[in-house]
Amino acid sequence: MNKIECINLCKSYFIDSNEIEVLKDINITISRGDLVAISGQSGAGKSTLLQIIASLDSQSSGSLIYDDKDSTTFKNNDLSKVRLNNFGFVYQFHHLLEDLNVLENILIPLEISNKSSNNSSVLDIIEEVGLTSRISHLPWKLSGGEKQRVAIARALVNKPNFIFLDEPTGNLDQKNAGIIQNLLLDISKRHNIALVTATHDNNFIKNFDKIYKIQNMNLAEV
Ligand code: ADP
């Protein structure tokens, strides 16, 4: 996939019969290699927007277009394949499986997609994120920054074109946040992967070429 487009996208949640409007008429185009930052106060709708763009949640109205194809025309199973083959995800909390070692955690997306693991390319990714010496360690032996490196490697193994990041360094100290941010920016440049990032961190945001803010349910470029 090379392009994602949102056209007049709106999202409301309903609690009992009360409508809670979260996003209104969102328009954004994201292409491979783009660095897109989405800021906004807590509760503004950043995570909701990322979830919708990645088709993990659905919009209430408006269109989400993947490479000129409306997402509503995909069957559920096909959307799962789209996600698995094109998208990687990194969250504030790494969501590693504690009983699996570093390598096993990183291999999970390949197992889900029934792709045989090409050992050399997986090892290249592990080296790229700086975890070669940690490959057989369980998550509890790793620091916060190292756990986030595992999450990044796990996001990379299916060779995504877009990585969605929700406060990826929100749980790290400033020094480790900077190291992880540089790693992500470097990976994006080297592999032509778009980063679509919800973040408050101005040190990270300043590196992005498209900076948006959600305010009063609207998305505006800043
Ligand atoms: P942010 O990521 O900017 O902190 P969120 O996207 O998590 O904001 O949330 C935006 C708003 O939507 C918040 O008011 C939140 O309470 C509400 N919200 C999120 N998910 C749900 C849900 N499943 N049901 C009802 N309201 C929700």
Side-chain angles (χ1 to χ4, degrees), residues 4-30 34-66 71-72 74 76 79-80 82-83 86-96 144-145 147-148 151-152 154-155 160 162-174 176-178 180-181 183-185 188 193-222:
I4 301 174
E5 213 175 343
C6 300
I7 303 170
N8 296 334
L9 207 130
C10 301
K11 177 70 178 177
S12 295
Y13 290 107
F14 287 88
I15 295 180
D16 299 325
S17 51
N18 296 324
E19 181 178 10
I20 301 170
E21 281 188 289
V22 178
L23 300 171
K24 224 174 184 174
D25 289 327
I26 304 289
N27 291 289
I28 184 171
T29 301
I30 305 163
D34 280 352
L35 294 174
V36 177
I38 299 170
S39 66
Q41 287 186 340
S42 185
K46 303 180 294 298
S47 303
T48 302
L49 181 58
L50 287 191
Q51 300 274 92
I52 295 173
I53 296 175
S55 76
L56 291 169
D57 193 357
S58 50
Q59 68 271 30
S60 308
S61 63
S63 306
L64 172 67
I65 315 281
Y66 290 148
S71 67
T72 55
F74 289 87
N76 265 345
L79 269 185
S80 310
V82 165
R83 278 196 299 272
N86 294 282
F87 300 162
F89 298 89
V90 178
Y91 298 97
Q92 179 171 1
F93 302 100
H94 39 80
H95 301 303
L96 301 182
K147 285 179 189 168
Q148 211 52 323
I152 293 167
R154 183 181 54 189
F162 297 82
I163 298 184
F164 298 94
L165 307 117
D166 201 344
E167 303 285 2
T169 53
N171 208 28
L172 299 178
D173 59 71
Q174 208 176 344
N176 276 296
I180 292 293
Q181 289 163 2
L183 177 65
L184 287 165
L185 294 166
S188 161
I193 298 173
L195 301 184
V196 188
T197 311
T199 182
H200 288 104
D201 189 331
N202 286 328
N203 281 331
F204 196 21
I205 287 176
K206 69 180 186 218
N207 297 289
F208 282 63
D209 35 49
K210 293 182 176 178
I211 302 170
Y212 294 86
K213 187 170 186 180
I214 302 180
Q215 207 166 17
N216 302 325
M217 296 180 273
N218 295 121
L219 182 75
E221 202 160 355
V222 290

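Computed over heavy atoms, backbone and side chain alike; hydrogens, waters and symmetry mates excluded. When a ligand or atom number is given, it counts from 1 through the structure's own listing order. Along the sequence shown, residues carry numbers from 1.
Atoms OG1 and NZ, from T197 and K46 in turn, are 12.5 Å apart once rounded to the nearest 0.5 Å. Distance CG/L219 to NZ/K24: 14.5 Å, rounded to 0.5 Å. Here the CG-CZ distance, from L56 to F87, works out to 8.5 Å after rounding to the nearest 0.5 Å.
In the candidate list G45, S47, G43, G43 is nearest to atom 14 (O) of ligand 1, counting heavy atoms.
Contact annotation: A44 has at least one heavy atom less than 4.0 Å from an atom of ligand 1. Using a 4.0 Å cutoff on heavy atoms, Q41 counts as a contact of ligand 1.
Taking the six-membered ring for Trp, F162 and Y66 have ring centres at least 6.0 Å apart.
When each atom of ligand 1 is checked for a heavy atom of K46 under 4.0 Å away, the hits are 1 (P), 2 (O), 3 (O), 4 (O), 6 (O), 8 (O).
Residues K11 and D57 form a side-chain contact, since some pair of their non-hydrogen atoms from C-beta on lies under 4.5 Å apart.
By the 30° and 60° cut-offs, the orientation of the rings of F208 relative to F204 is perpendicular.
Protein heavy atom at the shortest distance from atom 23 (N) of ligand 1 is Y13 CE2, 3.6 Å. Nearest protein heavy-atom contact of atom 6 (O) of ligand 1 is T48 OG1, 2.5 Å.
At a heavy-atom cutoff of 4.0 Å, ligand 1 is contacted by the side chain of V22 but not by its backbone.
For atom 18 (N) of ligand 1, a protein heavy-atom neighbour is found at a distance under 4.0 Å.
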